[in-house]
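Take a look at the structure below.
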Amino acid sequence: MNIEQDKVVDLEYKLTVKRVVVDQSEPGEPLTYLHGHSNIIPGLEKALEGKSEGDTMQVTVQPEDGYGERDEDNTEELAREDFEDDIEIGETYYAQAEDGSVIPFTVMELNGDMVKVDFNPPLAGEVLNFDVTVVGVRDATAEELEHGHAHTPDMMDHEHDA
C-alpha cells in the first residue's frame, strides 16, 4: 500500500540539523500521522507521497518547507512578573493566545524586569535532514478522517467528552 491522501503512516525517523541529532523516534515507537492533513511539516509530507512500507530514505527539507524562515521581528519583551517560575535562558515556555491556542516561545535574555522572548519556532530558518523508514501504511478510519489526525492505541480521545 502506498502513502497517499488519507492513509495513516507509521514512521521511524531521525532529524539532524547541522549534523546534530535534534529529534528522533524511540525504537518501537514510530511517529504515526494522517497523510495529507498537514500533521507533519510540508517538505517531509511531500517526500513521503507514493512511498510504501519498508522504504527508507533521506530527505532534506529547506526552511520554506519546514518551520519557515526566521522573522527577527517576531520577538517581544515581556514583564518578568508574567512568569510564574524561574526563568532560564534558552528554555521554551508556552503562552496562551486570546483564541485559546498555545504559542511556544524561547527565552533569549533577561534584562532587569524584562524578559526578551522569541516566538519563532526553534528550528525556523534551519535546513532539516531526515532519515526515515516507513514501518506501516494503512487506511484511515472514518473517525480519524473526521478528526483530521491519526489515532494510536495509547491515545485517549477526549474530544467528545465535553
Side-chain angles (χ1 to χ4, degrees), residues 5-6 8-49 58-132 140 143-162:
Q5 182 73 31
D6 298 339
V8 172
V9 181
D10 290 326
L11 274 190
E12 288 180 347
Y13 72 94
K14 182 168 72 175
L15 168 58
T16 53
V17 175
K18 296 179 182 143
R19 299 201 178 105
V20 175
V21 175
V22 293
D23 192 18
Q24 61 186 344
S25 55
E26 295 293 326
E29 294 179 25
L31 167 73
T32 301
Y33 80 95
L34 179 59
H35 192 80
H37 291 259
S38 303
N39 292 173
I40 61 172
I41 60 171
L44 185 56
E45 192 166 57
K46 263 185 249 162
L48 287 162
E49 185 82 29
Q58 293 183 308
V59 182
T60 299
V61 178
Q62 297 302 320
E64 60 270 19
D65 291 325
Y67 291 98
E69 296 291 352
R70 273 191 62 77
D71 176 0
E72 292 308 329
D73 293 334
N74 201 7
T75 60
E76 234 174 271
E77 297 254 318
L78 302 177
R80 194 176 189 130
E81 64 201 31
D82 290 344
F83 290 80
E84 294 166 9
D85 310 317
D86 291 339
I87 307 165
E88 286 186 49
I89 293 172
E91 283 296 309
T92 300
Y93 296 86
Y94 299 90
Q96 192 159 9
E98 288 172 12
D99 67 1
S101 65
V102 173
I103 306 166
F105 63 88
T106 306
V107 173
M108 296 166 67
E109 59 189 60
L110 302 173
N111 194 352
D113 292 336
M114 300 306 289
V115 181
K116 187 170 185 187
V117 300
D118 185 352
F119 286 101
N120 284 290
L123 295 175
E126 300 288 358
V127 175
L128 311 174
N129 296 294
F130 288 94
D131 288 294
V132 293
E143 188 178 37
E144 287 172 322
L145 292 174
E146 183 187 325
H147 291 176
H149 59 83
H151 294 170
T152 54
D154 56 355
M155 179 178 173
M156 297 300 292
D157 189 3
H158 296 294
E159 289 184 27
H160 298 297
D161 294 349

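In this structure, CG on D6 lies 4.0 Å from NE2 on H37, to the nearest 0.5 angstrom. Residue K18 holds its NZ atom at 11.0 Å from CG of L128, rounded to the nearest 0.5 Å. Rounded to the nearest 0.5 angstrom, L34 CG and L145 CG are separated by 6.0 Å. Rounded to the nearest 0.5 angstrom, T60 OG1 and D65 CG are separated by 11.5 Å. Taking CG from L11 and NE2 from H35, the interatomic distance works out to 10.0 Å, rounded to the nearest 0.5 Å. Separation of atoms CG (L78) and CE (M114) is listed at 7.0 Å; rounding is to 0.5 Å.
Under the 3.5 Å distance criterion, the side-chain polar atoms of E144 are matched with a main-chain donor or acceptor of H151. Between the Q5 side chain and the G36 main chain, a donor and an acceptor come within less than 3.5 Å of each other. Remark: the backbone N or O of E88 is paired with a side-chain donor or acceptor of Y93 at under 3.5 angstrom.
At most 12 heavy atoms of other shown residues, nucleotides or ligands fall within 6.0 angstrom of atom CG in D113. For D99, the CG atom is densely surrounded, since the number of other residues' heavy atoms within 6.0 Å is greater than 12.
Side-chain contact between E45 and I40 is present, with at least one heavy-atom pair separated by less than 4.5 Å. In this structure, the side chains of L48 and V9 stay at 4.5 Å or more apart for every pair of heavy atoms. Side-chain contact check for N120 versus T106: every heavy-atom pair is 4.5 Å or farther apart. In this structure, the side chains of E76 and F119 come closer than 4.5 Å at one or more pairs of heavy atoms.
Here the shortest heavy-atom pairing between P42 and G66 reads CD-O, 4.2 Å. Smallest separation of non-hydrogen atoms from E126 and V17: OE1-CG1, 3.5 Å. The minimum heavy-atom distance linking L110 with R80 is given by the pair CD1-NH2, 4.0 Å. Nearest heavy atoms, A150 versus V8: CB-CG1, 3.8 Å. Closest approach of S25 to P30, counting heavy atoms only: CB-CA, 4.4 Å. Taking every heavy atom of both residues into account, P63 and V127 meet most closely at CD-CG2, 4.1 Å.
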Under the criterion side chain to side chain contact (heavy atoms under 4.5 Å, CB included), I'd like the reasoning laid out for V115 against F105: C-alpha separation, chi angles, the key distance, then a yes or no. CA-CA 11 Å; V115 181; F105 63 88; over 6 Å; no

Check step by step if side chain to side chain contact (heavy atoms under 4.5 Å, CB included) holds for Y33 and L44. CA-CA 12 Å; Y33 80 95; L44 185 56; over 6 Å; no

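For the 3.5 Å distance criterion, the side chains of Y13 and D23 qualify, holding a donor opposite an acceptor. The closest side-chain donor-acceptor pair between D118 and T75, if any, does not fall under 3.5 angstrom.
Looking at residues two or more places apart in sequence or on another chain, you find no salt bridge (charged side-chain N to carboxylate O under 4.0 Å, His left out) involving K14.
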